Amino acid sequence: MVPLPEPSGALQKPRWFSRAGQMMSTVLDFIYPPLHPCPGCGLPDVYQKPETIGLCDACYAAFPWTEPHQLPPKVWIPAHYETSARKLVTRLKYHDAQYLVPLMAVAMAAQIRERLEDAAAMEGVSIENWVILPVPLHRQRQRKRGYNQSDLLARHLAFVLEFSYESAGLKRCRPTAPLYRLSRAERQQALAGSMVLNPEAIPKLRGKQLLLVDDIYTTGATINACEQALQAANPISVTVAAFALADLDSHRV
Ligand SMILES: [Zn+2]
């Protein structure tokens, strides 16, 4: 019996197709925003508009925005991990609410544009030459969840900001236990050496300004492990973007 040929690349969807599809659905969502319960309080039938991050008026009015002076250097995060921002993250992460990704990415992008303009004016940081990459999940956890929420946010941010995107720049070489009960020092220890750089991605990252994307930023232990691994690619700089800024106590509530 003649073996069936392997599926060729020609049978797969071309890249432009998924990009055009994403653009189309973003445009359609803008014209006809879908209705969902407010992710903050559960109020039914709220228009999922990017300008309100899909929240009802009351939740949006109380949204816990960060101020620039509350953020560590080279870390850009629009919200504190509280109230409706916390609900957005948990709905995306644990309840498969992937429709929230474009809304959350737009809130992140608005702040990134502002910070980029400030940094360009004050520190001479170029607004060109950026590559976005996500903080990876270990493949076991990704298989269990079905998706990496940081990858979804990073992918959409790259689309909105028109930055290059490298999904497989980093890999987690070993699974780590959930971090939420660990202290700052325990987190550093658990994560040290847990990320590896994908050698195939090095040419795409060398000499670039990297924007590393995660959903929540707590102590920076995960980001430190990523930055350590990225140094082998000799980037110009590594900046961090996340949706929510948490402190250690907020994970235990
Ligand atoms: Zn609400």
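Atoms within each ligand, like the ligands themselves, are counted from 1 in listed order. All of these numbers come straight from a predicted model, not from anything done at the bench. Side chains are part of it too, since the values below use all heavy atoms of this structure and drop only hydrogens, waters and symmetry mates.
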Quiz prompt | Counterpart residues, side chain to side chain contact (heavy atoms under 4.5 Å, CB included), relative to L116 (two or more places apart) | solution = W76, I112, I127, W130, F163
Quiz item: Rounded to the nearest 0.5 Å, how far apart are CZ of F243 and CG of L103?
Solution: 9.0 Å
Self-check item: Pairing residues for F63 by the ring-ring contact (aromatic ring centres under 6.0 Å, His included) criterion, not counting sequence neighbours
Solution: W65
Practice problem: Determine how many protein N/O/S atoms sit closer than 2.8 Å to the Zn ion (ligand 1), leaving waters out since they are not shown. | Solution: 4
Quiz item: Is there a donor in the side chain of Q209 and an acceptor in the side chain of N129, or the other way round, less than 3.5 Å apart?
Solution: no
Quiz item: Have Q98 and D96 got a donor and an acceptor in their side chains that come within less than 3.5 Å?
Solution: yes
Practice problem: Please list, chain by chain and in numerical order, all residues satisfying side chain to side chain donor-acceptor pair (under 3.5 Å) with E200, sequence neighbours excluded. | Solution: none
